[in-house]
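Each chain gets a letter, A, B and so on, in the order its sequence line appears, and its residues count up from 1. FYI, side chains are in, hydrogens and waters are out, and symmetry mates aren't considered; it's all heavy atoms of this structure.
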Amino acid sequence: MVNIADQSPAQALSKEMGLTEAAVERRKRIVGLDGRDLERISSIKDLVLAHTEEYTSAFFDHLSSLEEGRVVLANRSVAERARQLKREHLVAMVQTDYGTEYVTQRLELALLYSKAGLDLRVFLAAFHRLLESVGATIMKHFEREPNAGFEAFMSLKKVAFLDIGVIADVIIFERERVIRQQQDAIRELSTPVLQIRERLLLLPIIGVIDTHRARLITESLLSAIRANRAKVVVMDITGVATIDSKVANHVIQTVTAAKLMGATVIVTGLSADVAQSLVVLGIDLAKLNTVGDLQGGLEEAEYLLGHRLGSDPSAGYGTPVTRT
Amino acid sequence: MSVPILKQGDILIASIQSALSDRDLVELRDELADRVGRLRSRGVVIDVTALDVLDSFATRTIRGIAYTAKLRGADTVVVGIQPEVAFAMVQLGLSLEGIDTALDLEEGLALLHAGKAERARRK
């Protein structure tokens, strides 16, 4: 197994984005890169290698001419690293070996842009400037046979678009990372499992239950049952506005799963409307242990746990009693 | 891989340590049915903590064990079903209806002892 700590950020990102060998092959097919292109690229290899410095400057000069582009150049070490990576990029572009390794190398630069907050449109403009400059030298070299020059340039352009595709994806992926994190946070917040007392959990459900959320609720409840060694769970669905057969099914599944782990679930908060609609729908909730409201549910739970509430003042709250 | 069956007072504990083949399960069923009678056990605990999957055959066999043991006079508790396993079972529509389940071995033993106390009271 590969230790995660040993991975570079680019490698980790590549894994996260699912840039497998197959995915890279697919990307190559999308831009239409084939064997003939590789041949043409080899024919201009030396030409491009001789001018990498010039092309790199074309890219960064354009960035520095734009206010939006200076974010990359503001920090000296970042700018230097970007330049170096861009040079490596140009060298790699003409090596005709575009596999996962090639794509992962591009990710580092893309991450750098993304961290610096470079906008996609600015990047695209600068990259176009670079291609322009590449195109100019190629056309000059192939002055006598412009068609061959054009074809070679077009082949190289396919590689460039492969790279642009990857870099754009990274910038978007990183921007959406925040959204994903917030979604996770909302999801977690929406399914709290509270311990009321030893061995007794409360699971208040508020809002709409869909399949995805039902799954999360069940999962968090089951792990909480294990973590807290719960015996009784009170599931309060007062906050669930409507219940249809699907939601009812989810509730039943959660209850059954909890039962398998040795915990009893008491469902509370079925309003009159909800109860009636369930009857009309013909959903059999007989399996469920239902109590009208949360208070009743908690009392029932205490009883199941063998505690008596307030009925015996001398015993005090929560003194275990034997059930008869 | 056969399952060790431990005798603890009048309770038998079958602790499943690794994934079982269908044949192992059948062997376990036969072995338990035999021992419940021979050792005059009143309770059986099947510990599945180590299992990360319970398929339909395993579920059916465990149900079979429980019913067999019941007929021979012993109550069965299945303990240690993992959250993922419980979830998967529910999704697949597998159930252990009519069989007691508990969180872990300790809870399972407590459940059996409680059942025994109840029986004693009824007498």
Undergrad: Is there a side-chain contact between A:E219 and B:P83 in this structure, where contact means two heavy atoms from C-beta onward sitting under 4.5 Å apart?
TA: no
Undergrad: Flag yes if more than 12 heavy atoms outside B:R23 fall under 6.0 Å of its CZ atom; otherwise flag no.
TA: no
Undergrad: Within the supplied structure, the quantity of interest is the number of heavy atoms (other residues, nucleotides, ligands) at a distance under 6.0 Å from B:Q91 CD; does it exceed 12?
TA: yes
Undergrad: Near A:E21 CD, under 6.0 Å, is it more than 12 heavy atoms from other residues, nucleotides or ligands?
TA: no
Undergrad: Below 4.5 Å, heavy atoms only, C-beta onward: do A:T256 and B:M89 meet side chain to side chain?
TA: no
Undergrad: Under 4.5 Å from any heavy atom of chain B, what part of A:L221 do you find: side chain, backbone, both or neither?
TA: neither
Undergrad: Would you mind telling me which of B:V77, B:I99, B:D104 has the largest number of heavy-atom pairs within less than 4.5 Å of chain A?
TA: B:D104
Undergrad: For B:F87 versus A:T218, what's the shortest heavy-atom pair and its separation?
TA: CD1-CG2, 3.3 Å
Undergrad: What are the two closest non-hydrogen atoms of B:A86 and A:A257, and how far apart are they?
TA: CB-O, 3.6 Å
Undergrad: Starting at NZ of A:K231, measure out to CD of B:E107 and round the result to the nearest 0.5 Å.
TA: 4.5 Å
Undergrad: Just verifying a value: how many Å separate A:I225 CD1 and B:L103 CG, rounded to the nearest 0.5 Å?
TA: 8.0 Å
Undergrad: Does A:R29, at its CZ atom, have more than 12 non-hydrogen atoms belonging to other residues, nucleotides or ligands within less than 6.0 Å?
TA: no
Undergrad: Hey, is CZ on A:R177 packed in by over 12 heavy atoms from elsewhere, all under 6.0 Å?
TA: yes
Undergrad: Would you find more than 12 non-hydrogen atoms of other residues, nucleotides or ligands less than 6.0 Å from B:E97 atom CD?
TA: no
